[in-house]
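Working notes for the structure below.
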There are 2 protein chains.
Amino acid sequence: MTGQVRTVDGRVAGRRGQATRQKLLDCLGEMLSSSPYRDVKVIDVARKAGTSPATFYQYFPDVEGAVLEIAEEMAKEGAGLTELVSGRSWVGKAGWQTSEELVEGFLDFWRKHDAILRVVDLGAAEGDKRFYKIRMKILNSVTNSLTDAVKELQSKGKVDKEVNPAAMAGSLVAMLASVAGHQKGFQTWGVKQAELKPNLALLVHLGITGKKPTR
Amino acid sequence: MTGQVRTVDGRVAGRRGQATRQKLLDCLGEMLSSSPYRDVKVIDVARKAGTSPATFYQYFPDVEGAVLEIAEEMAKEGAGLTELVSGRSWVGKAGWQTSEELVEGFLDFWRKHDAILRVVDLGAAEGDKRFYKIRMKILNSVTNSLTDAVKELQSKGKVDKEVNPAAMAGSLVAMLASVAGHQKGFQTWGVKQAELKPNLALLVHLGITGKKPTR
DNA sequence: ACTTGTCCTGTCATGCCGTCAGCTTACCGA
DNA sequence: TCGGTAAGCTGACGGCATGACAGGACAAGT
């Protein structure tokens, strides 16, 4: 578990190498935002980074491998999403605020990383465990917190026993992720951002507490 | 808008041609189920279909083009999903049943076509209008019906005015689609199919009617 | 058998993939 | 200052996918 960055052939990367590596990752990230995943070629990334394909292969086994690196970085940042849920109240007006802020924070995060998250989502759906793990890592931070919230409410008798906390939390998080990924879609649909968020927050509140929020 | 099947170079396809074309589509569908989208190559599809790459290019501009064909076919079948919602009651026990059957039907459909739906989802998320349109076509059948249901309940004063029917319906459908796409994921999570469905149904019921169901 | 139009494939130029040997650059100790 | 050593980069190459074309195989009607 060393933080050592290594090349494919086992060398330790120095300052210069790390810079090149990072530049390649940055360029790959940009490419993913601007062109379909399927059409992202190693040679294009290398060109954009002002280097050669051979250099790319020195640091990553293939495009997928590099994507995983970017995703891993993002996952670290995603751990901060826990803040949106843990230690917050789900009662009364505070509960409604929690819902709103969760939705807001989640959508922001997704919008910020949408290109890479699309690919992670695809990989996970295709059954690739590495991508699946990363998706977990990001979503778990929120899902676990939500699961705990439901469990606690359940123990107080405020939520039906029939509710499965993990399933409920997972479903809500999946909803947020999916809606976030298709935000543009909703716009074409005639639903505006501003209208979407309260409805999502409402659903979250309903799902967690089983009750309508007091605004 | 003729139903005429044409080759890339404008000829009309005859019986034999259509058969080959269909075989290519079938094989492509299988390939998508078994290997990552990014790695599906024309040559593999052609080999699997017992023909040559050149033949493939006679009927489709590229892999993406062929995928669109499959998706279009699926979209037609997807129109039948309307049945799961339209004309159903959302009151009392019948309401709960409606929710359950919607979830059940939706998950089934998604599981049946998961490989191709993954790709459609990706294309739509990447902003490709052609894929987006197809995704709409499938989801609209359900979303519109749900939107109507909410509107009707609203007009009867049974649902808050603040709810935006389209946003609510869209969010719920997005949730169903996303959960369906990651069903395997939930399993690894420790949530079983059987537990997942009732929770989804509960969320749907809560979202549409704003009330807990009577079971 | 002959004609016609559909259908398939051999072949080719082009371009990307992934690897290697070998060159250049940076660092370090003597 | 001067090698020595390891890091860093690239040109070049065999291999494979792409996409275009022209010509041959095939089915159906006459």
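Every chain is numbered from 1, with letters handed out A, B, ... down the list of sequences. Quick caveat, the model's predicted, so the values are computed rather than measured.
- Residue B/R47 contributes atom CZ, which lies 14 Å from atom P of C/dT9 at whole-angstrom precision.
- Near DNA chain C, defined here as any heavy-atom distance below 4.0 Å, the residues from residues 48-57 of chain A are A/A54, A/Y57, listed numerically.
- Not a single salt bridge (Lys or Arg N to Asp or Glu O under 4.0 Å) links A/D39 to another residue, sequence neighbours left out.
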Report task. Determine, stepwise, if the pair A/L81 / A/F109 fulfils side-chain contact (heavy atoms from CB on, under 4.5 Å). Result -> CA-CA 8 Å; A/L81 288 174; A/F109 180 81; 3.9 Å; yes
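- Rounded to whole Å, atom P of D/dA6 lies 17 Å from atom CZ of A/R16.
- Out of D/dA17, C/dC16, D/dC9, the shortest distance to the side chain of A/K41 is found at C/dC16.
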Query raised in the report: Taking it one step at a time, do B/L139 and B/F106 satisfy side-chain contact (heavy atoms from CB on, under 4.5 Å)?
Result: CA-CA 10 Å; B/L139 298 188; B/F106 204 94; 3.9 Å; yes
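- Rounded to whole angstrom, the span from the OH atom of B/Y59 across to the P atom of D/dA20 amounts to 16 Å.
- Closest to the A/Q58 side chain, of the nucleotides D/dG19, C/dT9, D/dC9, is D/dC9.
- Distance CZ (A/R6) to P (D/dG8): 12 Å, rounded to an integer number of Å.
- Under 4.0 angstrom from either OP1 or OP2 of C/dC8 there lies at least one side-chain N or O belonging to B/T20.
- For A/D39 and D/dA17, the CG to P distance is 17 Å, given to the nearest whole Å.
- Put simply, A/R15 has a side-chain N or O that comes within less than 4.0 Å of OP1 or OP2 on C/dC27.
- When each of C/dC16, D/dT18, D/dC9 is scored by its nearest atom to the side-chain atoms of A/I43, the top-ranked nucleotide is C/dC16.
- Within the structure, no pair that satisfies the salt bridge (charged side-chain N to carboxylate O under 4.0 Å, His left out) test touches residues 180-189 of chain A, not counting sequence neighbours.
- At a threshold of 4.0 Å, the pair A/R111-A/D108 counts as salt-bridged, since one of the basic side-chain nitrogens sits closer than that to a carboxylate oxygen.
- Counting to the nearest Å, the C1' atom of D/dG8 and the CD atom of A/Q22 are 17 Å from each other.
- Ring pair A/H182/A/F186: centre-to-centre distance not below 6.0 Å.
- For the pair A/R38 CZ and C/dC17 C1', the interatomic distance rounds to 15 Å; values are reported in whole Å.
- Looking at residues two or more places apart in sequence or on another chain, you find a salt bridge (Lys or Arg N to Asp or Glu O under 4.0 Å) between B/K197 and B/E104.
- Heavy atoms of A/F60 sit nowhere under 4.0 angstrom from any nucleic acid atom.
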Nucleotide N/O of nucleotides 13-15 of chain C paired with protein N/O under 3.5 Å:
none

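- Screening residues 164-174 of chain B for side chain to side chain donor-acceptor pair (under 3.5 Å) gives A/E195-B/N164 as the qualifying pairs, with residues at least two apart or on separate chains.
- Without hydrogens or angle criteria, B/R118 side chain to B/L32 main chain gives a donor-acceptor distance under 3.5 Å.
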